[in-house]
A.B. asks: 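Dropping the structure in here first, questions after.
Every heavy atom of this structure was used, including side-chain atoms; hydrogens, water molecules and symmetry mates were not. Whatever order the structure lists them in is the order used to number ligands and atoms, beginning at 1.
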Amino acid sequence: MNQLDQLAALLRFPSISAQAEHAADVSECADWLVDKLSGMGLDVNVKKYSTPKHPIVVAKSEKIEGKPTVLIYGHYDVQPVDPIELWTSAPFEPEIRDGKIFARGATDNKGQFFAHILGVEALLKENAGQLPVNVIFLLEGEEEIGSGSLYGFMKEHKEELACDVILVSDTGMAGMDAPTFSYGLRGMACAEIFVKGPSADLHSGSFGGAVKNPITALCELVNSFHDEHGKVAVAGFYDDVAPIAAWEKSMWSTVPGMSAKDLEELTGAKEVVTEDGFTAAECIYARPTLEINGMGGGYQGEGSKTIIPSNAFAKISCRLVPNQNPDVIMGLLKAHVEKHAPKGVEVKFVPGHTGDAYACDPHSEYGQAAQQALEAVFGNKPVLIREGGSIPIIAEMKKVLGADAMMLGMGLPDARIHSPNENFSVELFLKGIELSQSLLRRLGQ
Ligand SMILES: [Zn+2]
């Protein structure tokens, strides 16, 4: 089977981790990977581990002393396909159109990690079964549902997974001509706020003016989260924020697609509005935020209903940056909500999940090898960015395994990950195979 046919075979598994009815498909996809890795001519130690949920596949090359060990992480589970009617071709029947392979998981993340598998396979063939570095593949089946099993697995298998550096292709690429090296991720702190007013919805005529409206109270509270400069007004929120380096500011001013005009076109927002003193790229890559993700309460039906509702709620989340500690931030949020709780209502703050921010030095020895490999394969100098999103498992890998992650993402802006018509550029897939070889060769020198 040629390389593209093999990718198509991998994409045919409906390995949707979120849906119990696909558990067998997830497991069969793991079996397929075990077969592929075992049959590659690599003298590997390939194992499929069962976990409380979906299997984890680990494959290790024969250890060569004196060579660095590179752990290549990927996830073979995928997002659900809904809304199915918006797909041009069936999500698990890969189809090539306009130089792209369309299927759920094509970019996120099967196409990207499979390029590394094929890169390693090519190196093995070329060198009679000898790799330039030690390689460990770590492939999980729960990334799209929070990597629940991987946290414990990494701690239990710390020795087996010991490595010098981690390679991950599960992030964005600024454009086909802009090879992208991501060296940071934002962290996360989520919470919910519940505001309770009268014990039941009240007649707004009989009681309006004397009983505090919980939705009004919630709006006052939500309004206290930001000041007029676009800054988060929670006391102490910025205390630990690492400053943006001068080289980062100049690098980020050149990243394609990140101008205010580009972002307006991409998002459909009327105008890009940033925190005072920072560009859009700086705000997305390296400044923390507090977002209101949802609000509710009161009458939502047809026509009017003149009530004072009995309760209201808001869901909030912060994206965090180095060196903010999510637990500290959660405490600050709670204190802010308590301090600004309007009178006349009961306000409850319920903390949700958190994740650490992550950053490494893209100019380290390994980082330089990655930059050189990107330039060699794509013919352009890479852009060095931090991702606005969060992959909490990366910070955890640093904590448990002590290794930094080079995130060489190949997710193009129009790859439609998590959406109908997800796709992966065939050219990019083939370049990914080359990139993997070029990088592993350099790391072995
Ligand atoms: Zn995803």
Side-chain angles (χ1 to χ4, degrees), residues 7 10-20 22-23 25-26 29-30 33 51 53-57 72-84 86-87 91-92 94 100-117 137-151 166-174 180 182 184-188 190 266 284 293 317 319 353 355-358 385-397 405-425 428-429 432:
L7 173 60
L10 175 59
L11 290 171
R12 273 189 202 103
F13 291 96
S15 49
I16 304 170
S17 50
Q19 297 172 341
H22 285 291
D25 299 316
V26 178
C29 186
L33 286 165
T51 74
K53 223 172 193 140
H54 300 304
I56 292 173
V57 175
I72 303 175
Y73 163 86
H75 66 90
Y76 64 89
D77 65 322
V78 301
Q79 282 275 317
V81 297
D82 302 340
I84 184 85
L86 295 183
W87 285 79
F92 297 110
K100 298 168 182 172
I101 184 159
F102 285 82
R104 171 58 85 228
T107 284
D108 182 16
N109 172 248
K110 288 172 175 172
Q112 296 196 63
F113 78 72
F114 196 58
H116 291 304
I117 291 182
F137 282 102
L138 172 63
L139 308 172
E140 68 155 320
E142 294 179 29
E143 195 273 344
E144 301 292 3
I145 52 170
S147 300
S149 298
L150 190 55
Y151 289 91
I166 296 164
L167 170 59
V168 184
S169 293
D170 195 18
T171 45
M173 181 171 185
T180 305
S182 299
L185 296 160
R186 286 199 284 190
M188 179 86 121
C190 300
L266 182 72
I284 294 171
N293 308 116
S317 63
R319 295 281 172 173
H353 73 272
D356 287 327
Y358 171 79
I385 67 165
R386 298 200 231 156
E387 285 270 323
S390 306
I391 313 179
I393 199 73
I394 301 286
E396 190 64 17
M397 284 179 172
M406 302 184 285
M407 293 176 277
L408 310 184
M410 294 181 282
L412 287 173
D414 64 353
R416 297 188 167 275
I417 62 169
H418 296 207
S419 293
N421 299 317
E422 177 173 352
N423 63 82
F424 192 32
S425 147
L428 201 47
F429 172 60

A.B. asks: Count up the protein N, O or S atoms sitting under 2.8 Å from the Zn ion (ligand 1), would you?
C.D. replies: 4
A.B. asks: Looking at Arg416 and Glu422, does any basic side-chain N land under 4.0 Å from a carboxylate oxygen?
C.D. replies: no
A.B. asks: Do Glu140 and Ser147 have side-chain heavy atoms sitting under 4.5 Å apart?
C.D. replies: yes
A.B. asks: To the nearest 0.5 angstrom, please state how far the NZ atom of Lys100 sits from the CG atom of Leu412.
C.D. replies: 8.0 Å
A.B. asks: Should Phe92 and Ile16 count as side-chain neighbours, where that means a heavy-atom distance under 4.5 Å?
C.D. replies: yes
A.B. asks: Can you check whether Ile84 reaches Leu86 side chain to side chain, under 4.5 Å on heavy atoms?
C.D. replies: no
A.B. asks: Check whether any side-chain heavy atom of Leu167 lies under 4.5 Å from a side-chain heavy atom of Leu408, and answer yes or no.
C.D. replies: yes
